[in-house]
Amino acid sequence: MSSKKILITGGAGFIGSHVVRLFVKKYPDYTIFNLDKLTYAGNLMNLRDIENESNYRFIKADICDEEHIRALFQEHRFDGVVHLAAESHVDRSIADPSAFVRTNVMGTVNLLNAAREIWTDFNDKRFYHISTDEVYGSLGETGFFVEETPYDPRSPYSASKASSDHLVRAYFHTYKMPVVLSNCSNNYGSYQFPEKLIPLAINNIKHLRPVPVYGKGENIRDWLFVEDHARAIDLIFHQGVLGETYNIGGANEWKNIDLIHALCEIMDTQLNRAPGTSAGLISFVKDRAGHDMRYAIDFTKLNTALGWKPSLDFREGLQKTVVWYLENENWLNQVTSGDYTHYYEQQYVKR
Ligand code: NAD
Ligand code: TYD
């Protein structure tokens, strides 16, 4: 795909900004178009270090705006699409499901339709849809999600992502669209909006505010360093088999409460606070409605087919992440100063 025009949607968000950065640096012959609406979760500060690169362009657009999206595809004739734009936070989806259906379902259909219209032949074209392991539902104490696990989404967020995954596959079967998909576990690292568990906890501990832990903190997530996800996305975009789905995970399961305690220890050390100071901020709050108990991914297929595996030990990754947020106070202040609902503040209800 040398000299190609690649559209990355949601490139001003958490994972998207890491993907844009990787592609801009690694593929100087590509032109990388970052299309983003810049919702509360998207911020061009996430890309300051590469925004002046000659192979990078930013387009402010809403994927729900069908006419605008069609016009952009006509104008730029993108050769490949890496689609990350989405409403991504489960708690918000519980508060307002419609926004998730609009962006995650209708926005994805608009992109598929626009690509299908301009791609008169599918040679060397590719539509890569990024999804989540949450579409598979909730696991008990044992077992792992594999690519064949039946879909069983439980939250409005995961239901909207499942719906978009089905549509992408339907376009492969019906129109022979050249699609590829991946479903990844929970990401962590720099530039994540501080409403998700890890950056929210870091930010709250820094300000000596309560750290809300939903329910008993026994829910389990499989955590992956975001740069490892970006590396997997690069591999799958270039070498994944059309029509196929690849699971991506960290082989790194943590109970929320254990993760928060590990984070508290790192924070005490980093901030020169007495041991136990951060843990003293832990506040058990009302559980999330329909809270999925456990996610765990089997990524054997990706490992066998493309040789990918996670690179970073979790404690090392967590340490790096804490240091990044503490060193980037300006970023934290800026992204939280915008016009958005501080959803998580509604959660400070002592059980
Ligand atoms: P994010 O919320 O940090 O970023 C989403 C980006 O999409 C933002 O820049 C936002 O401005 C943009 N966006 C939202 N609505 C838009 C619209 N209508 N038009 C154009 N742009 C719009 O999300 P993230 O955590 O980086 O997730 C990116 C993708 O990866 C999502 O599709 C998500 O479902 C998937 N995913 C996320 C995780 C995770 O742990 N965060 C794990 C697996 C999969
Ligand atoms: P989150 O980061 O929102 O990701 P997801 O819901 O997509 O897995 O939440 C990770 C886990 O942490 C999840 O089990 C919910 C829990 N959680 C808390 O206990 N407290 C919080 O303030 C948040 C945001 C999440």
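Here the structure is a predicted model, which means the values were calculated and not measured. In each ligand, atom 1 is the first atom listed, and ligand 1 is the first ligand listed.
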Please list, chain by chain and in numerical order, all residues satisfying side-chain hydrogen bond (donor to acceptor under 3.5 Å, both in side chains) with Trp254, sequence neighbours excluded. Asn252

Considering only the protein, which heavy-atom contact is closest to atom 8 (C) of ligand 1, and what is its distance? Asp36 OD2, 3.6 Å

Closest to atom 9 (O) of ligand 2 (heavy atoms only, candidates Arg288, Lys196, Met293) is Arg288

Counting N and O atoms only, with roles assigned by atom type, does the side chain of Asp222 sit under 3.5 Å from a partner on the main chain of Ala251, one being a donor and the other an acceptor? yes

Closest approach of any protein heavy atom to atom 21 (N) of ligand 1, naming residue and atom: Lys37 N, 3.1 Å

Within-cut-off N or O pair, Glu195 and ligand 2, under 3.5 Å: no

Measure from atom 44 (C) of ligand 1 to every heavy atom in Ser131, Gly11, Ala12, Ala85 and give the option owning the shortest one. Ser131

Salt-bridged, Arg70 to Glu66, with N to O below 4.0 Å? yes

Ligand 1 atoms in contact with Ala61 (distance to a heavy atom under 4.0 Å): 19 (N), 20 (C)

Under 3.5 Å, side chain of Asn204 to main-chain N/O of Pro210, donor-acceptor pair present? yes

Quick one: which ligand 2 atoms are inside 4.0 Å of a heavy atom on His291? 13 (C), 14 (O), 15 (C)

Counting N and O atoms only, with roles assigned by atom type, does the side chain of Asn110 sit under 3.5 Å from a partner on the main chain of Ile63, one being a donor and the other an acceptor? yes

Would the distance check show the side chain of His18 and the main-chain N or O of Ser190 forming a donor-acceptor pair, the cut-off being under 3.5 Å? yes

Note: Asp292, heavy atoms under 4.0 Å from ligand 2, region reported as neither

Could you tell me whether Arg231 and Asp234 have a side-chain N and a carboxylate O separated by less than 4.0 Å? no

Val90, portion touching ligand 2 at heavy-atom distance under 4.0 Å: side chain

Using a 4.0 Å heavy-atom threshold (strictly under), name the region of Ile130 that reaches ligand 1: side chain, backbone, both or neither. both

For Asp62, counting its heavy atoms only, list the atoms of ligand 1 lying under 4.0 Å from any of them. 17 (C), 18 (N), 19 (N)

State the atoms of ligand 1, each with its element, that fall below the 4.0 Å cut-off from a heavy-atom position in Gly42. 8 (C), 9 (O), 11 (O)

Go through ligand 2 atom by atom and flag the ones less than 4.0 Å from a non-hydrogen atom of Asn256. 11 (C), 12 (O), 13 (C), 14 (O), 16 (C)

Counting non-hydrogen protein atoms only, what is the nearest one to atom 19 (N) of ligand 1? Give residue, atom name and distance. Ile63 N, 3.0 Å

Closest to atom 5 (C) of ligand 1 among Ala41, Ala86, Ser185 (heavy-atom distance): Ala86

Can you tell me the protein heavy atom closest to atom 40 (O) of ligand 1 and the distance? Asn187 N, 2.9 Å

Main-chain N/O of Ile205 paired to Ser278 side chain as donor or acceptor, under 3.5 Å: no

Determine whether Leu72 and Phe33 make a side-chain contact, defined as any pair of heavy atoms from C-beta on separated by less than 4.5 Å. no

Checking contacts here: is it the side chain or the backbone of Tyr157 that comes within 4.0 Å of ligand 1, counting heavy atoms only? Could be both or neither. side chain

Can you tell me which residue pairs pass the salt bridge (Lys or Arg N to Asp or Glu O under 4.0 Å) test with a partner in residues 252-280, sequence neighbours excluded? Glu253-Arg294

Mind checking whether Trp223 has an N or O less than 3.5 Å away from an N or O of ligand 2? no

What atoms in ligand 1 come closer than 4.0 Å to a heavy atom of Cys184? 42 (C), 43 (C)

One finds that the ligand 2 atoms under 4.0 Å from a non-hydrogen atom of Glu134 are 5 (P), 7 (O), 8 (O)

Looking only at distances, can you tell me whether any N or O atom of Tyr214, backbone or side chain, sits closer than 3.5 Å to an N or O atom of ligand 2? yes

When distances are taken from atom 1 (P) of ligand 1, the protein heavy atom at minimum range is Ser88 OG, 3.5 Å

Atom CD of Glu329 with >12 non-hydrogen neighbours under 6.0 angstrom: no

Heavy-atom contacts with Leu38 under 4.0 Å: which atoms of ligand 1 show up? List them by number with element. 11 (O)

Identify the closest protein heavy atom to atom 29 (C) of ligand 1: which residue and atom is it, and at what distance? Leu84 O, 3.2 Å

Testing the basics here: between Asn55 and Tyr27, what is the closest heavy-atom pair and its distance to 0.1 Å? ND2-O, 3.3 Å

Any donor-acceptor pair under 3.5 Å linking the side chain of Ser164 with the backbone of Thr108? no

Before signing off on this row, confirm whether Asn186 and ligand 2 have an N or O atom pair separated by under 3.5 Å. yes

Quick one: which ligand 2 atoms are inside 4.0 Å of a heavy atom on Pro212? 18 (C), 19 (O), 20 (N), 21 (C), 22 (O)

Using a 4.0 Å heavy-atom cut-off, which part of Lys161 comes near ligand 1: side chain, backbone, both, or neither? side chain

Look at the side-chain heavy atoms of Ile, Leu, Val, Met, Phe, Trp and Tyr, link any pair under 4.5 Å apart, and say whether Phe237 and Ile50 land in one connected group. yes

Side chain, backbone, both or neither: Thr9 near ligand 1, heavy atoms under 4.0 Å: neither

Quick check: does any side chain N or O of Ser138 sit under 3.5 Å from a backbone N or O of Met293, one acting as donor and the other as acceptor? yes

Around atom 41 (N) of ligand 1, find the nearest protein heavy atom and jot down its residue, atom name and distance. Ile15 CD1, 3.7 Å

Is a side-chain donor or acceptor of Tyr157 paired with a backbone partner of Pro97 at a separation under 3.5 angstrom? no

Please confirm whether the backbone N or O of His76 pairs with a side-chain atom of Lys5, one donor and one acceptor, at under 3.5 Å? yes

Using a heavy-atom cut-off of under 4.0 Å, does the side chain or the backbone of His89 touch ligand 2, or both, or neither? side chain

Ligand-side contact atoms (ligand 2) for residue partner Val213, heavy atom cut-off under 4.0 Å: 19 (O)

